[in-house]
Amino acid sequence: MIDLKAVRENPEAVRASQRARGEDSSVVDALLAADERRRSAVSRADTLRGEQKAFGKQVGRARGEEREALLVRGKELAAEVKAAEAEQHAADAELTELHRAVPNVVHPDAPAGGEDDYVVVKHVGTPREFDFEPLDHLDLGTRLGAIDVERGAKVGGSRFYFLTGVGAQLELALLNMAAAQATAAGFTLMITPTLVRPEIMAGTGFLGAHADEIYRLRDDDLYLVGTSEVPLAGYHADEIVDLGAEHARRYAGWSSCYRREAGSYGRDTRGIIRVHQFNKVEMFSYVRPEDAEAEHLRLLAWEEEMLAKIEVPYRVIDTAAGDLGTSAARKFDCEAWVPTQAAYRELTSTSNCTTFQARRLNIRYRDENGKPQIAATLNGTLATTRWIVAILENHQQADGSVRVPEALVPFVGTEVFVPRS
RNA sequence: GGAAGCGUGGCAGAGCGGCCGAAUGCACCCGCCUUGAAAGCGGGAGACGGGCAACCGUCCGGGGGUUCAAAUCCCUCCGCUUCCGCCA
């Protein structure tokens, strides 16, 4: 949820944010009206309750006839209070519904527009020139005995796969390398639940416009997470978190991730680029709001540190407002070069959710005066199954073997993956 | 799956339907004492909403009900614990 006080003080900023996202800016006025209605309803109910409370004490002291008379008036008052409270609840519910529907206010420097309106921040590395026809990751993976999509489809349906042999080793190596880097950087490593309760899923902002992306277990009223961002955000829900001397709490979540890919029929149907289930090591930070932007750059730097270790060319983009998702105020994606597609594809994504998630999940910290304040949350990717695509394709050799990037060698235990004859 | 119990402030833990926003202890903050600290003594301090403020209201897991009045009684949902059974 966005900060209602900020909406009152500067509604135009929120309207501008909505326009940048390509969404309706009139919700701001609806929000302000509902806020006004709620506040007057609260004040009416407060006054009546105050009267009733004082009156109740008189009744307690009164005796005999006097008491009987007071009881009559007491009943009237009780009815009035009940009516006023009903009004208050209605006004409250109306406001909350509107409030929850408004996405986070975008950062003023984020580019306006939709998916294609991103701004390229920088390029790192140069796509390699091949003196042979490069194979795509699925051909390579199949020959290496690393990926089996046919049996994946047999067992789980389309967009499922088996990682086999060296494929499984490579994924574990990647995730372990991410976990090692995160741990060295001071993150607390976490293995999280991947099924979460509705409040947690809603709190992270995933049940809004993109709810059809999420697997839901109706029989148990649980959701399968699309990222460990969800359980890691929920971890401190309803808490006043001690941010410590560093004014930051950093967690690295290792989990499987599940996505329905509902709106992507026909896209990336080949290989393991876009799948229903994958594994990921995700960074998650709780910080003070004034530190959020600096933390965002730190997360980006840690992502780039990982990308450097796998030695693939990539670019960093500043995602456009319309492509931010509900919770983010700003998002940077790192996209690796995929030779057979002659395109950059997303390998990491880091979002600054400012106080949006924390306000929904009621996550606070104590400021220097000891007063509770809403925290800010951020997240960013350290490694996912998809990284295998970039590694295989960029480091393939003419004979179908694949060179293992140096940093990964200790984790994989070999310097080259060789095709099975 | 069956049975029982529990859910109160940062934590622990009291609380006859009105005098309970709630004892007490620990932790915390400020003084005093001390070369410094600990101990000891004195004082302070919950969260949320509204208001410039004095202040007012709300909050004892969530929701509903009984009552003039609910932390306290009833219903329901959620969570946790223990015992039995089942599975691993």
Side-chain angles (χ1 to χ4, degrees), chain A residues 1-9 31-100 192-193 195-203 207 216-223 230-231 233-245 247 249 286 288-289 355-375:
Chain A
M1 286 184 280
I2 62 175
D3 184 358
L4 269 187
K5 276 197 192 111
V7 181
R8 273 180 228 141
E9 282 160 19
L31 200 58
L32 286 171
D35 180 46
E36 191 49 51
R37 274 196 299 278
R38 186 195 77 101
R39 286 199 286 165
S40 65
V42 166
S43 137
R44 272 196 304 277
D46 272 5
T47 310
L48 273 170
R49 258 193 303 263
E51 277 182 47
Q52 192 200 24
K53 206 172 170 179
F55 193 81
K57 289 186 179 165
Q58 286 184 43
V59 177
R61 285 189 296 268
R63 290 284 173 273
E65 283 175 30
E66 191 193 355
R67 185 182 166 91
E68 293 308 311
L70 287 174
L71 281 178
V72 173
R73 175 66 189 135
K75 276 193 205 269
E76 285 168 21
L77 254 179
E80 285 174 49
V81 167
K82 200 168 179 180
E85 282 184 339
E87 239 176 89
Q88 181 189 335
H89 279 126
D92 213 47
E94 190 193 355
L95 175 67
T96 303
E97 194 189 336
L98 271 168
H99 194 184
R100 295 190 78 91
T192 71
L195 284 166
V196 299
R197 304 174 356 99
E199 313 88 86
I200 302 296
M201 191 55 93
L207 288 187
R216 178 178 174 195
L217 280 72
R218 282 192 165 71
D219 286 346
D220 300 281
D221 203 17
L222 291 169
Y223 292 89
V230 176
Y235 189 68
H236 286 304
D238 294 316
E239 292 183 20
I240 297 177
V241 181
D242 184 357
L243 293 179
H247 300 300
R249 272 202 182 236
Y286 294 87
R288 304 184 300 187
T355 54
F356 186 86
Q357 291 178 328
R359 189 168 284 108
R360 290 177 166 221
L361 290 167
N362 190 28
I363 302 164
R364 294 170 294 169
Y365 68 99
R366 288 193 192 277
D367 65 18
E368 42 289 320
N369 301 317
K371 293 302 285 181
Q373 305 285 355
I374 304 283

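Quick caveat: nothing in here was measured; it's all calculated off a predicted structure. Computation of the quantities below employed the complete heavy-atom set of this structure, encompassing side-chain atoms and omitting hydrogens, waters and symmetry-equivalent molecules.
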Rounded interatomic separation in angstrom, taking CD from A/Gln88 and P from B/G63: 12 Å
Closest-nucleotide 5' rank along RNA chain B - winner of A/Lys371 and A/Glu85: A/Lys371
Side-chain heavy-atom pair A/Arg249, A/Asp242 within 4.5 angstrom cut-off: yes
Rounded interatomic separation in angstrom, taking CG from A/Asp221 and P from B/C78: 9 Å
Euclidean distance, atom CD of residue A/Gln373 to atom C1' of B/A47 [Å, nearest integer]: 13 Å
Among B/A47, B/C68, B/G49, the nucleotide that comes nearest once only the side chain of A/Asp46 is considered: B/G49
G-U wobble or Watson-Crick pairing nucleotide for B/A69 (cut-off 3.5 Å, both distances): none
B/A47 phosphate, OP1 or OP2, under 4.0 Å from A/Arg366 side-chain N/O: yes
Separation of the C1' atoms in B/G44 and B/G50, to the nearest angstrom: 26 Å
Nucleotide opposite B/C41 in a Watson-Crick or G-U pair, distances under 3.5 Å: B/G31
Distance between P atoms of B/C77 and B/G1 (Å, rounded): 14 Å
Spacing of the C1' atoms in B/U72 and B/G7 (rounded, Å): 15 Å
Inter-nucleotide P distance (B/G40, B/G49), Å rounded: 37 Å
Distance-minimising heavy-atom pair for A/Val230 and A/Ile200: O-CG2, 3.7 Å
Sugar-phosphate, base or nothing in reach of A/Arg38, heavy atoms under 4.0 Å: sugar-phosphate
B/C78 and B/C30, which share atom name C1', separated by this distance in whole Å: 42 Å
Value in whole Å for how far the C1' atom of B/G51 lies from CD of A/Glu36: 13 Å
Closest to the A/Ala78 side chain, choosing from B/G50, B/C68, B/G79: B/C68
Span that lies between the C1' atom of B/G9 and that of B/G61, in whole angstrom: 14 Å
Per A/His89 side chain, nearest of listed nucleotides B/G50, B/G64, B/C78: B/G64
Residue matched to B/C59 through Watson-Crick or wobble contacts both under 3.5 angstrom: B/G46
NZ/NE/NH1/NH2 to OD/OE distance under 4.0 Å, A/Glu36 and A/Arg39: yes
Phosphate contact (B/G50 OP1 or OP2) by A/Arg8 side-chain N/O below 4.0 Å: yes
Over all atoms of both residues, closest heavy-atom pair of A/Val196 and A/Met201: CG2-CE, 4.0 Å
Any side-chain heavy-atom pair of A/Asp221 and A/Pro198 under 4.5 Å: yes
Over all atoms of both residues, closest heavy-atom pair of A/Leu95 and A/Arg38: CD2-CD, 3.5 Å
Whole-Å distance separating the CG atom of A/Asn362 from the P atom of B/C48: 9 Å
Euclidean distance, atom NZ of residue A/Lys75 to atom P of B/U67 [Å, nearest integer]: 6 Å
5'-most by nearest nucleotide on RNA chain B - A/Ser43 or A/Ile240: A/Ile240
Touch class at under 4.0 angstrom, heavy-atom based, for A/Arg359 against every strand present: nothing
Nearest listed nucleotide, side chain of A/Lys82, among B/A47, B/C78, B/U66: B/U66
Rounded distance in Å between the C1' positions of B/A14 and B/U82: 23 Å
Side chain of A/Pro372 (C-beta onward), nearest among B/G49, B/A47, B/U58: B/A47
Inter-nucleotide C1' distance (B/G5, B/C28), Å rounded: 33 Å
A/Glu87 CD - B/G57 P separation (whole Å): 20 Å
Close side-chain approach of A/Asp3 and A/Arg359, heavy atoms under 4.5 Å: yes
Whole-Å distance separating the CD atom of A/Glu76 from the C1' atom of B/A69: 16 Å
Residue A/Lys5, side-chain atoms from C-beta onward, closest of B/C68, B/G50, B/A47: B/G50
Minimum-distance nucleotide to A/Arg364 side chain [options: B/G57, B/C48, B/A69]: B/C48
Complement of B/C6, any strand, by Watson-Crick or G-U distances under 3.5 angstrom: B/G79
Pair assignment for B/C11, Watson-Crick or G-U wobble, requiring both distances under 3.5 Å: B/G25
Carboxylate-amine/guanidinium contact A/Glu87 A/Arg44, below 4.0 Å: yes
